Amino acid sequence: LRLEHHALAAHLDALRTVADSIGEVGSETTLAGVDNLHGFLTHHLLPHAQAEEAVLYPLVDQLSGVEIATATMRRDHAAISRLTGQLAALRHELQAGAPLGSVDRELRRALYGLHVLITQHFANEDEVYLPMLDRHLDQAAADTVTRQMQDPTPAAAPPKHSTIAT
């Protein structure tokens, strides 16, 4: 999970870079940047969030003994999804020929909001949840979680308590 976060985080600077460039570069360049970011968010980041909700968060709730231990993280995912939807709508406006000046403020807000939210979200997971998993999962259970995160089908349930090292 740390490696996946590292790979995903490599794209986070682009959120800020594209936002910073709005008004400094042409509409075509901005649209290309927004297209790339939208693709990253919809094809990589949001599926990662769905896998976390299906596999990782139930396990963290189980380990913590509190069913709502991951509630704030799930709220982050909802906010990321909402901002990604806003970005998609603004992208559509740009593709339809709307002048950049008519959407630039909202586009910056969505991009900066996504940057801050995702950066903080990853930090929370890396600093709180992953150390908990390190303490409680043996290698076989950690490998199971990793496989399930890659294919979070309904059949892929979180590892049972019997695979958790104490």
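Reckoned from all heavy atoms, side chains included, excluding hydrogens, waters and symmetry mates. Remember, it's a predicted structure, so these values are computed and weren't measured experimentally.
More than 12 heavy atoms of other shown residues, nucleotides or ligands fall within 6.0 angstrom of atom CZ in Arg2. Heavy atoms from other residues, nucleotides or ligands lying under 6.0 Å from CZ of Arg75 number 12 at most.
Across Leu41 and Pro47, no two heavy atoms sit closer than the pair O-CD, 4.1 Å. For the pair Leu83 and Gly113, the tightest heavy-atom approach, listed with the atom from each and the gap, is CD1-C, 3.8 Å. What you find for Met73 and Asn124 is that their closest heavy atoms are CE-CB, 3.8 Å. Residues Thr119 and His115 approach most closely at OG1-O, 2.7 Å, considering heavy atoms. Taking every heavy atom of both residues into account, Glu67 and Asp61 meet most closely at O-OD2, 3.0 Å. Closest of all the heavy-atom pairs between Pro58 and Glu52 is CD-O, 4.0 Å.
By the 30° and 60° cut-offs, the orientation of the rings of His77 relative to Tyr57 is parallel. The aromatic rings of His44 and His11 sit parallel, their planes meeting at an angle under 30°, below the 60° perpendicular limit.
Val116 forms part of no hydrophobic cluster, judged by ILVMFWY side-chain heavy-atom separations under 4.5 Å.
Rounding to the nearest 0.5 Å places CG of Leu107 at 3.5 Å from CD1 of Ile22. Atom CZ of Arg135 and atom CG of Leu137 lie 10.5 Å apart (nearest 0.5 Å).
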Could you walk me through whether Ile118 and Leu15 satisfy the side chain to side chain contact (heavy atoms under 4.5 Å, CB included) test, starting with their C-alpha distance in whole Å, then the side-chain angles of each, then the deciding distance to 0.1 Å, before giving a yes or no? CA-CA 10 Å; Ile118 297 166; Leu15 291 163; 4.2 Å; yes
Stepwise side chain to side chain donor-acceptor pair (under 3.5 Å) check, Arg147 with Thr144: CA-CA 5 Å; Arg147 281 191 304 278; Thr144 298; 3.2 Å; yes
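Between the Asp76 side chain and the Leu117 main chain, no donor and acceptor come within less than 3.5 Å of each other. The closest donor-acceptor contact from the side chain of Ser81 to the backbone of Ala78 lies at 3.5 Å or more, if one exists at all.
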Under 3.5 Å, side-chain donor or acceptor atoms of residues 29-37 against the rest of the protein: list the pairs with distances, not counting sequence neighbours.
unit_1	atom_1	unit_2	atom_2	d
Thr30	OG1	Gly26	O	3.2
Asp35	OD1	Arg91	NE	2.6
Asn36	ND2	Ala32	O	3.4

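Considering only heavy atoms from C-beta on, Val60 stays 4.5 Å or farther from Val128 through its side chain.
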